[in-house]
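Residue numbering restarts at 1 for every chain, and letters A, B, ... go by the order of the sequence lines.
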There are 2 protein chains.
Amino acid sequence: MTSRLPIAAETPTPSSCCPTRPRLRGKAVKQFASLFKGLADETRLEILGLLAAAQGEVCACHIEEHIKHLSQPTISHHLKLLREEGLVTGERRGTWVYYTLDKSLLSRVKQFVEAIRE
Amino acid sequence: MTSRLPIAAETPTPSSCCPTRPRLRGKAVKQFASLFKGLADETRLEILGLLAAAQGEVCACHIEEHIKHLSQPTISHHLKLLREEGLVTGERRGTWVYYTLDKSLLSRVKQFVEAIRE
DNA sequence: TATCTATATTGACAAACATCGATTCAAGGT
DNA sequence: ACCTTGAATCGATGTTTGTCAATATAGATA
């Protein structure tokens, strides 16, 4: 009977190791998950990297030109997802559509850093 | 012939609107996409939020306790993905396995912010 | 050894996603 | 009107992903 203490004699209790309130809850979890889903694709990151470097508008034709290994419909599809997620905006002028990085991208990512860091 | 200039008379040329070098390329794109895939799930974000708030170890049993709407194998699966992505570390002590948030999470996210911001 | 508990693994399945070819839509030029 | 070009949409397809029930593994206790 209890000749020696096991490595972890005590069952871990919530009071011993668990936070009362997690740092990501409810709506925030959904919003960040949605944001990161938008960022969780190589093609979309390439597009964002292009727009960030341009510091302004880039027309869809140039985006397609840079991402040469994918078809036009595929890139259009990714642009749509980025628009819906609010990470870019697209404006049609004449024949062309010009895309711009939305500032909300950086602010939302920074919000995540703050939420985790507390 | 050319009675008046159309809204966008000139075809957008790379030199007019395109950056010479995008801000996310090659390996960096892959690494960030992999990171964001790890973050692109509500359950995994909840787990990370728990670990962040705990500021230390949390045993798997408490994680499962907090995320009550999912089965134990499902949570174990997410913990595995987080481990493989280097976002958490797990250490077995006796019967229990204790998880900790890896510091690399914040640094990697901040790297992304810097890359986009230039 | 046998047994109990905590965690991980396996196998199956449905839903979500990335991709493409074909088509459509929008706008300008002839 | 017609044609041309840039971009979006549609429909189909193969892959990835989240989930669970069942089972296996690791470690402690008896």
Side-chain angles (χ1 to χ4, degrees), chain A residues 1-13 17 29 33-34 36-47 57-85 88-99, chain B residues 1-13 17 29-30 33-34 36-47 57-65 67-85 88-99:
Chain A
M1 69 288 274
T2 70
S3 56
R4 83 190 142 91
L5 283 179
I7 299 176
E10 79 297 352
T11 299
T13 63
C17 80
V29 167
S34 182
F36 291 132
K37 271 174 191 154
L39 299 176
D41 180 271
E42 297 183 14
T43 301
R44 291 195 288 273
L45 289 181
E46 273 187 58
I47 292 172
E57 299 177 325
V58 178
C59 82
C61 62
H62 286 140
I63 297 174
E64 290 159 12
E65 202 169 276
H66 270 83
I67 306 177
K68 52 214 168 303
H69 62 291
L70 290 179
S71 70
Q72 178 267 322
T74 297
I75 294 175
S76 184
H77 168 249
H78 286 301
L79 287 169
K80 182 183 191 179
L81 294 187
L82 289 172
R83 262 186 279 124
E84 290 174 342
E85 190 53 46
V88 307
T89 58
E91 185 198 350
R92 169 157 234 143
R93 280 209 306 282
T95 306
W96 297 280
V97 175
Y98 295 86
Y99 281 90
Chain B
M1 66 281 276
T2 68
S3 53
R4 81 189 142 91
L5 283 180
I7 300 176
E10 79 296 353
T11 297
T13 62
C17 79
V29 167
K30 285 191 203 305
S34 183
F36 291 131
K37 273 176 190 154
L39 298 177
D41 180 89
E42 296 184 16
T43 302
R44 291 196 288 276
L45 289 181
E46 275 188 55
I47 293 173
E57 299 176 327
V58 176
C59 81
C61 60
H62 286 141
I63 297 173
E64 290 159 12
E65 203 169 278
I67 306 174
K68 53 212 168 305
H69 60 292
L70 291 179
S71 69
Q72 178 267 323
T74 297
I75 295 175
S76 184
H77 168 248
H78 286 300
L79 286 169
K80 181 183 191 178
L81 294 188
L82 289 172
R83 262 186 278 125
E84 289 173 344
E85 191 53 46
V88 306
T89 57
E91 185 198 349
R92 170 157 234 143
R93 282 207 307 279
T95 306
W96 295 279
V97 175
Y98 295 87
Y99 281 92

(request) With rounding to the nearest 0.5 Å, note down the distance linking NE2 in A:His77 to OG1 in A:Thr43. (result) 11.0 Å

(request) Side chain of B:Trp96 only, please: which of C:dA8, C:dA6, D:dA8 is the nearest? (result) C:dA6

(request) Output yes when at least one side-chain N/O atom of B:Ser76 is less than 4.0 Å from OP1 or OP2 of C:dA8, else no. (result) yes

(request) Just compare D:dT19, D:dA7, C:dG28 and give me whichever is closest to any side-chain atom of A:Thr95. (result) C:dG28

(request) Taking only the side-chain heavy atoms of A:Val97 (C-beta and beyond), determine which of C:dT19, D:dA8, D:dG6 contains the nearest atom. (result) D:dA8

(request) By nearest nucleotide on DNA chain C, pick out whichever of A:Thr43 and B:Arg83 is the more 5' one. (result) B:Arg83

(request) Would you indicate what A:Leu81 reaches in the nucleic acid, counting non-hydrogen atoms under 4.0 angstrom: base, sugar-phosphate, or nothing? (result) sugar-phosphate

(request) Find the distance A:Lys80:NZ to C:dC25:P and express it as a whole number of Å. (result) 15 Å

(request) For the side chain of A:Pro73, starting at C-beta, report the closest nucleotide among D:dA7, C:dC20, C:dA8. (result) C:dC20

(request) Could you tell me the separation between the NE2 atom of A:His69 and the P atom of C:dC20, rounded to a whole number of Å? (result) 8 Å

(request) Could you tell me whether the phosphate oxygens of C:dA8, OP1 or OP2, come under 4.0 Å of any side-chain nitrogen or oxygen in B:Arg92? (result) no

(message) Does any part of the side chain of A:Phe36, heavy atoms only, come nearer than 4.5 Å to the side chain of B:Leu45, both counted from C-beta?
(response) yes

(message) As a test of reading the structure: which of C:dT7, C:dA18, D:dA7 is closest to the side chain of A:Cys59, going by heavy atoms?
(response) D:dA7

(request) Take the protein atom CD1 of A:Ile75 and the nucleotide atom P of C:dC17, then report the distance between them rounded to whole Å. (result) 19 Å

(request) Sort out for me which residue in A:Val58, A:Ile63, A:Asp41 forms a side-chain contact (heavy atoms from CB on, under 4.5 Å) with A:Ile47. (result) A:Ile63

(message) I need the CZ-C1' distance between A:Arg93 and C:dG28, as an integer number of Å.
(response) 16 Å

(message) I need the B:Ile75 CD1 to B:Leu82 CG distance, nearest 0.5 Å.
(response) 11.5 Å

(request) Could you state the atom-to-atom distance from CD of A:Glu64 to C1' of D:dG6 in whole Å? (result) 8 Å

(message) Return whichever of A:Ala40 or A:Gln72 has its heavy-atom-nearest nucleotide of DNA chain C closer to the 5' end.
(response) A:Ala40

(request) Can you spot which of B:Tyr98, B:Trp96, B:Tyr99 makes a side-chain contact (heavy atoms from CB on, under 4.5 Å) with B:Glu57? (result) B:Tyr98

(message) By the 4.0 Å heavy-atom rule, please label A:His78 as base, sugar-phosphate, or nothing.
(response) sugar-phosphate

(request) Find the distance A:Glu91:CD to D:dA7:P and express it as a whole number of Å. (result) 13 Å

(message) I want to check one thing: is the phosphate of C:dA18, taken as OP1 and OP2, less than 4.0 Å away from some side-chain N or O of A:Arg44?
(response) yes

(request) Return the value, rounded to whole Å, for the distance between atom NZ of B:Lys37 and atom P of D:dT16. (result) 9 Å

(message) From the set D:dT9, C:dT19, C:dA8, return the single nucleotide nearest to any side-chain atom of A:Leu70.
(response) C:dT19

(message) Counting only side-chain nitrogens and oxygens, does A:Ser71 get under 4.0 Å of the OP1 or OP2 atom of C:dT19?
(response) no

(request) Could you check which of C:dC20, C:dT19, D:dA8 has an atom nearest any side-chain atom of A:Asp41? (result) C:dT19

(request) State whether A:Tyr99 places a side-chain N or O below 4.0 Å from either non-bridging phosphate oxygen (OP1 or OP2) of D:dA8. (result) yes

(message) Under 4.0 Å between a side-chain nitrogen and a carboxylate oxygen: does that hold for B:Glu85 and B:Arg44?
(response) no

(request) Round to the nearest Å and state the distance from B:Tyr98 atom OH to C:dA6 atom P. (result) 11 Å

